[in-house]
Amino acid sequence: MPRKSASAAASEEEQNEKGTQVPSPPNEKNKDELGNLNRMLAAVLEYLSDDEVEEIDIEYLLTHTEGLREWWDQYRENNKKQIEEEIKKSLGSLSLEELESIREQIKEKNK
């Protein structure tokens with residue numbers, strides 16, 4: 001097995017000293033979460049690979065995979081801010097008519 005050169009090892013040490021994130025050992029909560037994610041992923045992949053399933057039913061997966069719906073809702077909520085930022089950035093490229101249409105949709109929703 002080839003050895004690291006002295007300069008590569010020194011460079012790695014410098015990065016660690018400068019505060020570069022070094023993965024920390026997983027704690028029990030992370031292990032539990034990882035186990036749950038693995039279980040949910042396995043359930044989804046089993047469903048998707050089932051030759052008897054003719055149509056993929058997301059609602060079935062969310063209902064019959066313990067914890068998946070809660071994880072999905074949390075994931076979507078965590079990404080809400082990112083979606084809001086993407087929308088704000090894209091507003092500048094819309095025409096006045098498109099912006100007015102969106103404003104009307106928002107007004108209708110808020111009634």
Side-chain angles (χ1 to χ4, degrees):
M1 176 181 242
R3 293 179 177 229
K4 282 186 184 178
S5 68
S7 62
S11 174
E12 190 174 295
E13 278 183 30
E14 286 175 17
Q15 286 181 349
N16 288 340
E17 288 173 6
K18 290 179 183 176
T20 304
Q21 294 291 330
V22 176
S24 59
N27 60 28
E28 286 303 313
K29 183 179 177 186
N30 287 344
K31 284 182 182 178
D32 290 344
E33 184 176 351
L34 186 59
N36 283 333
L37 290 172
N38 282 333
R39 180 187 49 75
M40 289 186 286
L41 177 60
V44 169
L45 290 175
E46 276 186 35
Y47 174 81
L48 293 176
S49 64
D50 186 346
D51 292 335
E52 293 182 17
V53 174
E54 293 180 13
E55 252 182 57
I56 296 172
D57 184 355
I58 299 298
E59 189 59 36
Y60 175 88
L61 281 169
L62 293 171
T63 302
H64 292 88
T65 305
E66 182 184 339
L68 186 59
R69 183 179 304 277
E70 292 79 12
W71 176 86
W72 180 241
D73 291 342
Q74 182 181 11
Y75 174 84
R76 290 177 64 212
E77 188 60 37
N78 289 342
N79 288 306
K80 182 178 177 182
K81 292 289 182 200
Q82 181 182 351
I83 293 169
E84 289 173 357
E85 288 302 315
E86 289 174 9
I87 290 170
K88 286 178 187 177
K89 288 178 183 177
S90 68
L91 290 176
S93 64
L94 296 177
S95 69
L96 179 58
E97 291 79 20
E98 291 169 319
L99 290 171
E100 288 173 342
S101 172
I102 291 170
R103 182 175 66 184
E104 289 302 317
Q105 291 174 16
I106 293 169
K107 282 182 180 179
E108 287 297 317
K109 182 173 173 77
N110 288 335
K111 285 185 178 179

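What you are looking at is a predicted structure, and each value in this text was computed from that prediction instead of being measured.
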Donor-acceptor list for residues 83-92 side chains, cut-off 3.5 Å, not counting sequence neighbours:
unit_1 : atom_1 : unit_2 : atom_2 : d
Glu86  : OE2    : Gln82  : NE2    : 3.3
Ser90  : OG     : Glu86  : O      : 3.4
Ser90  : OG     : Ile87  : O      : 2.9

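Here Ile56 pairs with Tyr47, Leu48, Ile58 under the side-chain contact (heavy atoms from CB on, under 4.5 Å) rule; sequence neighbours left out. By the side-chain contact (heavy atoms from CB on, under 4.5 Å) test, Glu70 is found to be paired with no residue, residues two or more places apart in sequence or in another chain being considered. Scored by the side-chain contact (heavy atoms from CB on, under 4.5 Å) test, Lys109 finds no partners at all (sequence neighbours excluded). In this structure Glu97 satisfies the salt bridge (charged side-chain N to carboxylate O under 4.0 Å, His left out) test with no other residue, sequence neighbours excluded. Under the side-chain contact (heavy atoms from CB on, under 4.5 Å) criterion, Trp72 pairs with Leu62, Tyr75, Arg76, sequence neighbours left out.
Hydrophobic side-chain contacts under 4.5 Å tie Leu34 to no other Ile, Leu, Val, Met, Phe, Trp or Tyr residue.
For Glu98, the CD atom sits in a packed shell: over 12 heavy atoms of surrounding residues, nucleotides or ligands are nearer than 6.0 Å.
Among pairs with a residue in residues 77-111, none fulfils ring-ring contact (aromatic ring centres under 6.0 Å, His included), at least two apart in sequence or across chains. Listed by first then second residue, pairs satisfying salt bridge (charged side-chain N to carboxylate O under 4.0 Å, His left out) with a partner in residues 45-69 read Glu59-Arg69, not counting sequence neighbours.
Rounding to the nearest 0.5 Å gives a distance of 12.0 Å between CD of Glu100 and CG of Leu94. Rounded to the nearest 0.5 angstrom, Leu41 CG and Leu68 CG are separated by 10.0 Å. Note: Glu77 CD to Asp73 CG = 9.0 Å, rounded to the nearest 0.5 Å.
Here the side chains of Val44 and Met40 are not in contact, with every heavy-atom distance at 4.5 Å or above.
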